[in-house]
Amino acid sequence: MTQILVVEDERDIADVLDYNLTNAGYEVLAAACGQDGLKLARARKPDLVLLDLMLPDISGTEVCRALKDDPNTRGLPVIMVSARGEEIDRVVGFELGVEDYVTKPFSMRELLLRIKAVLRRQSPKGEVSGQFLEFGELRIDLGAHRVWVREVEVELTAIEFKLLTTLHDRQNRVQSRAALLDHVWGMDTKVTTRTVDAHVKRLRQKLGAARDYVETVRGVGYRFAEAPLAS
C-alpha cells in the first residue's frame, strides 16, 4: 500500500488529511513536528511526504532541506502545504526540490489529484532499465530514471528528470517556460513560470560539468544544446 507521511502540527487539519487519505486507499504516517517527521521519513521511506511549512520546532523548509541533502531520502517526493501563498515562498520551495506547493485552505479533492499526479511521475516499480541516452558527459537511463555525469550518478527528483528528458527530446528547439510547465507538470499548478526557472537552476547545479547543455534563451525560455561542448 502506498504510504504518505503527513507532517502537520494542526490537529484538525491532520485529522482531515488522515481521514481522506485513508479513504482514498493510502496508508498514513503522521508527525506533529519537524524532527519526528524526519525520523519517520528516514525510518519508513514513505512514497510521498505532505509537509507543512510552519511547524513548532523547525520549519518545513529545514525539514525539506534535510531530506534533500540526505542520500537516503533525497528521492522522496515532497508536497509543501502552507498558509503562505506568496510567490517567493513557492519559488523557495521549488528551489529546495519540492514536487508541488499547495496553499491553505485547500480543496481536498484538488490535493488528492495533486498527490496522484506526483506519484504518477515517480519511477514505476519493476520497470526494466537499459534504455540509454548519451550526450557528451551525460548518460541517461530512461527505464530506471537514473542519470550520470562523467560516470558519477546524479540524484534527480522526478520533476528534474522529466524536465531534463523533455529538453533532451526537443533538442535544439527553444521551449518556452509555459510550454515546459504544461508538459512537465501536466496540470494547473497555480504557480508562475518562475517555477520552471527554479527547477532549471537546481537541475544545472546538479548536472555540474554538463550544466551548459541546458541553455537559456533570454526572454523566451530554454533549449538543450545541439551538440556537446568541446572539452
Side-chain angles (χ1 to χ4, degrees), residues 1-108 110-119 121-122 155-161 185 189-191 194-195 198-199 201-203 205-206:
M1 182 181 291
T2 300
Q3 287 187 338
I4 295 180
L5 170 60
V6 176
V7 186
E8 171 62 67
D9 65 315
E10 293 186 49
R11 183 60 183 271
D12 54 343
I13 295 177
D15 288 345
V16 168
L17 288 169
D18 183 278
Y19 175 80
N20 284 278
L21 291 171
T22 300
N23 281 351
Y26 299 111
E27 179 182 351
V28 178
L29 307 174
C33 67
Q35 293 292 358
D36 287 348
L38 280 173
K39 290 177 184 176
L40 269 175
R42 289 164 175 160
R44 301 291 294 273
K45 302 292 196 315
D47 296 280
L48 184 141
V49 180
L50 277 181
L51 178 61
D52 186 24
L53 186 60
M54 305 298 291
L55 294 168
D57 52 351
I58 59 176
S59 70
T61 299
E62 291 180 67
V63 174
C64 184
R65 184 177 288 110
L67 291 175
K68 297 300 182 180
D69 285 345
D70 186 340
N72 294 315
T73 56
R74 67 166 54 120
L76 298 182
V78 177
I79 296 179
M80 191 80 80
V81 182
S82 174
R84 292 166 56 175
E86 290 81 5
E87 182 181 14
I88 185 61
D89 295 314
R90 295 174 184 270
V91 170
V92 168
F94 285 121
E95 286 182 338
L96 286 171
V98 303
E99 274 63 34
D100 205 347
Y101 192 109
V102 177
T103 305
K104 297 177 182 178
F106 51 81
S107 156
M108 197 65 225
E110 179 186 356
L111 180 61
L112 289 172
L113 288 173
R114 288 173 180 266
I115 288 170
K116 287 180 181 178
V118 169
L119 290 172
R121 290 194 293 260
Q122 303 309 299
E155 295 282 348
L156 299 184
T157 66
I159 284 285
E160 291 162 352
F161 184 86
W185 279 259
T189 58
K190 294 185 179 178
V191 295
R194 285 186 63 188
T195 299
H199 277 81
K201 179 181 177 182
R202 279 182 57 84
L203 177 61
Q205 289 173 342
K206 291 183 177 183

d(I159 CD1, L156 CG) to nearest 0.5 Å is 11.5 Å
Donor-acceptor contact present, side-chain E160 to main-chain T157, <3.5 Å: yes
V7 and side-chain contact (heavy atoms from CB on, under 4.5 Å): which single residue from L55, L50, L29 fits? L55
N20 and side-chain contact (heavy atoms from CB on, under 4.5 Å): which single residue from T22, V16, L17 fits? V16
Let me confirm one number: the CG-CG distance from L53 to L51, rounded to the nearest 0.5 Å. 7.5 Å
Should we say atom NZ of K104 is surrounded by more than 12 heavy atoms from elsewhere, each under 6.0 Å from it? yes
So, are R74 and D70 salt-bridged, with charged N and O less than 4.0 Å apart? no
Closest contact, heavy atoms only, Y26 versus M1: C-SD, 3.8 Å
V98 to C64 - nearest heavy-atom pair and separation: CG1-SG, 3.6 Å
Are the charged groups of E95 and K68 less than 4.0 angstrom apart, N to O? no
One pair to check against side-chain contact (heavy atoms from CB on, under 4.5 Å): L76 and L48. What are the steps and the verdict? CA-CA 6 Å; L76 298 182; L48 184 141; over 6 Å; no
F161 side chain near L203 side chain, heavy-atom distance below 4.5 Å: no
Distance check, rounded to the nearest 0.5 Å: R114 atom CZ versus E110 atom CD? 4.0 Å
Residues L112 and A24: closest non-hydrogen pair is CD2-CB, 4.0 Å
With distance as the sole test, does D100 use its side chain to make a donor-acceptor pair with the main-chain N or O of M80 at under 3.5 Å? no
Should we count NZ of K206 as having more than 12 external heavy atoms under 6.0 Å? yes
How close do A66 and T73 get, counting heavy atoms only, and between which atoms? O-OG1, 4.3 Å
Within the side chain of D57, is there an N or O that forms a donor-acceptor pair under 3.5 Å with the backbone of G34? yes
Under 3.5 Å, side chain of E8 to main-chain N/O of E10, donor-acceptor pair present? yes
From OG1 (T61) to CE (M54), nearest 0.5 Å: 9.0 Å
Look at the side chain of E99 and the backbone N and O of V78, then say whether any donor-acceptor pair between them is shorter than 3.5 Å. yes
Indicate yes or no: at least one non-hydrogen side-chain atom of V6 is less than 4.5 angstrom from one of D18. no
Looking only at atom types and distance, does a side-chain atom of D47 sit under 3.5 Å from a main-chain N or O of Q3, one as donor and one as acceptor? yes
Given side chains that start at C-beta, do those of F106 and V81 come closer than 4.5 Å, heavy atoms only? yes
For H199 versus F94, what's the shortest heavy-atom pair and its separation? CE1-CD2, 3.1 Å
Locate the shortest heavy-atom distance separating S82 from D52; write the atom from each residue and the value. CA-OD1, 4.3 Å
Chi angles and distances behind the side-chain contact (heavy atoms from CB on, under 4.5 Å) call for L5, V49: CA-CA 5 Å; L5 170 60; V49 180; 4.3 Å; yes
Taking everything shown except K116 itself, do over 12 heavy atoms lie less than 6.0 Å from its NZ? no
For V28 and Y19, run side-chain contact (heavy atoms from CB on, under 4.5 Å): C-alpha distance rounded to whole Å, both residues' side-chain angles, the deciding distance at 0.1 Å, then the answer. CA-CA 9 Å; V28 178; Y19 175 80; over 6 Å; no
